[in-house]
**Student:** 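The structure is given below, and queries will be raised subsequently.
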Amino acid sequence: MHRSGTRLSLALTLQAAAWLFVTFASASIAPASAQEKPSAEELRTIEFGKEIFKNKAQCQYCHKWDGGGDQGYGGNALSLRKTQLTPEQLAEVIRCGRPTTGMPYHDEHAYTDKRCYDYTRADLGKDMPPRAVESLQKREVDAVVKYLFARVVGHGPATYDDCVDFWGKETKQCDPMKPK
């Protein structure tokens, strides 16, 4: 009798664990629309990141306003809309640039020690990435990453609404994208 009671107890425990697993697993993959909307502070950070992307860091010159990438000053800039990088990896690329490419580094101390890909300037030699026109502070890099993941990364082709969000309503830049 003791064994059957233990089996029943084990079966009930496993059933409860399976139910909890399914409940929490399905909650974590809920669509973005079902998740909480960003707080006012998060929205300010996203807007701050957009302004850095647009003006201070001048990311739009190579990656284009929509993050779609293309030919630019630095060569063939990758699409940020299609990137598979994690937020941490993207922040590292912004801080450290990409050796052997036109992607500049924005950390004023990049390659002075081993903080960037475990390399120094001496290690890279002619493969050193270019220095960005403007250095960015950690909070600025974090804001750009938040902006990109909120509005660009994984969002598919840019829309008219994306264009208006970037340039504002008072521009003709978005006219070719206007829905008919």
**Student:** Ignoring hydrogens and geometry, is there a side-chain-to-backbone donor-acceptor pair from His106 to Val93 under 3.5 Å?
**Tutor:**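 No.
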
**Student:** If I compare all heavy atoms of Cys96 with all of Pro129, which pair ends up nearest, and what's the gap?
**Tutor:** O-CG, 3.6 Å

**Student:** Considering all heavy atoms of both residues, which atom of Tyr117 and which atom of Gly97 are nearest to each other, and what is their separation?
**Tutor:** OH-O, 2.8 Å

**Student:** Please tabulate, for the side chains in residues 41-59, all donor-acceptor contacts under 3.5 angstrom to protein atoms that are two or more places apart in sequence or on a different chain.
**Tutor:**
residue: Glu42; atom: OE1; partner: Ser39; partner atom: N; Å: 2.7
residue: Glu42; atom: OE1; partner: Ser39; partner atom: OG; Å: 3.4
residue: Thr45; atom: OG1; partner: Glu41; partner atom: O; Å: 3.1
residue: Glu47; atom: OE1; partner: Lys50; partner atom: NZ; Å: 3.1
residue: Glu47; atom: OE2; partner: Arg151; partner atom: NH1; Å: 3.0
residue: Glu47; atom: OE2; partner: Arg151; partner atom: NH2; Å: 3.3
residue: Lys50; atom: NZ; partner: Asp165; partner atom: O; Å: 2.6
residue: Glu51; atom: OE1; partner: Asn55; partner atom: ND2; Å: 2.9
residue: Lys54; atom: NZ; partner: Phe166; partner atom: O; Å: 2.7
residue: Lys56; atom: NZ; partner: Glu140; partner atom: OE1; Å: 3.2
residue: Lys56; atom: NZ; partner: Glu140; partner atom: OE2; Å: 2.8

**Student:** Nearest heavy-atom pair of Cys62 and Ala77: which atoms, and what distance?
**Tutor:**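 Minimum heavy-atom separation between Cys62 and Ala77: O-CB, 3.1 Å.
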
**Student:** Taking all non-hydrogen atoms of both residues, which atom of Cys174 and which atom of Trp167 are closest, and how far apart?
**Tutor:** SG-CD1, 4.1 Å

**Student:** Quick one: which of Lys138, Arg115, Arg131 gives a salt bridge (Lys or Arg N to Asp or Glu O under 4.0 Å) with Asp107?
**Tutor:**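 Exactly one pass, corresponding to Arg115.
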
**Student:** Measuring from atom CG of Asp66 to atom CE of Met177, what distance do you get when rounded to the nearest 0.5 angstrom?
**Tutor:**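 So the CG of Asp66 and the CE of Met177 are separated by 7.0 Å.
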
**Student:** Short question: side chain of Asp123, backbone of Thr120 - any donor-acceptor pair under 3.5 Å?
**Tutor:** yes

**Student:** Classify the ring geometry between Tyr105 and Tyr111 as parallel (under 30°), tilted (30 to 60°) or perpendicular (over 60°).
**Tutor:** perpendicular

**Student:** Gly102 and Pro130: which non-hydrogen atoms are nearest, and at how many Å?
**Tutor:** O-CG, 3.5 Å

**Student:** Is it true that Asp175 and Lys178 have a side-chain N and a carboxylate O under 4.0 angstrom from each other?
**Tutor:**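 A salt bridge is present here (some side-chain N lies under 4.0 Å from a carboxylate O).
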
**Student:** Flag the pair Leu80 / Leu90 as yes when at least one side-chain heavy-atom distance between them is below 4.5 Å, and no otherwise.
**Tutor:**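 Touching, per the 4.5 Å side-chain cut-off.
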
**Student:** To the nearest 0.5 Å, what is the distance between CZ on Arg81 and CG on Leu148?
**Tutor:**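 Rounded to the nearest 0.5 Å, the CZ-CG separation comes to 10.0 Å.
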
**Student:** Between Cys116 and Ala110, what is the shortest heavy-atom contact and its length?
**Tutor:** SG-CB, 3.7 Å

**Student:** Which distance, rounded to the nearest 0.5 Å, do you find between the OG1 of Thr83 and the NE2 of His63?
**Tutor:** 9.5 Å

**Student:** With rounding to the nearest 0.5 angstrom, report the OG to NE2 distance, Ser135 to His109.
**Tutor:**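 NE2 of His109 is found 8.0 Å from OG of Ser135.
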
**Student:** Quick check on the hydrophobic clustering: are Val153 and Val144 connected, directly or via other members, by side-chain heavy-atom contacts under 4.5 Å?
**Tutor:** yes

**Student:** Quick one: pull up NZ in Lys114 and OH in Tyr119 and give me the separation to the nearest 0.5 Å.
**Tutor:**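 Lys114 NZ to Tyr119 OH: 8.5 Å, rounded to 0.5 Å.
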
**Student:** Hey, what do you get for NZ (Lys64) to CG (Asp70), rounding to the nearest 0.5 Å?
**Tutor:** 5.5 Å

**Student:** Any link between Val152 and Met103 through a network of hydrophobic side chains (Ile, Leu, Val, Met, Phe, Trp, Tyr) touching at under 4.5 Å?
**Tutor:**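 Yes; tracing contacts between hydrophobic side chains, which count when under 4.5 Å, links both residues.
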
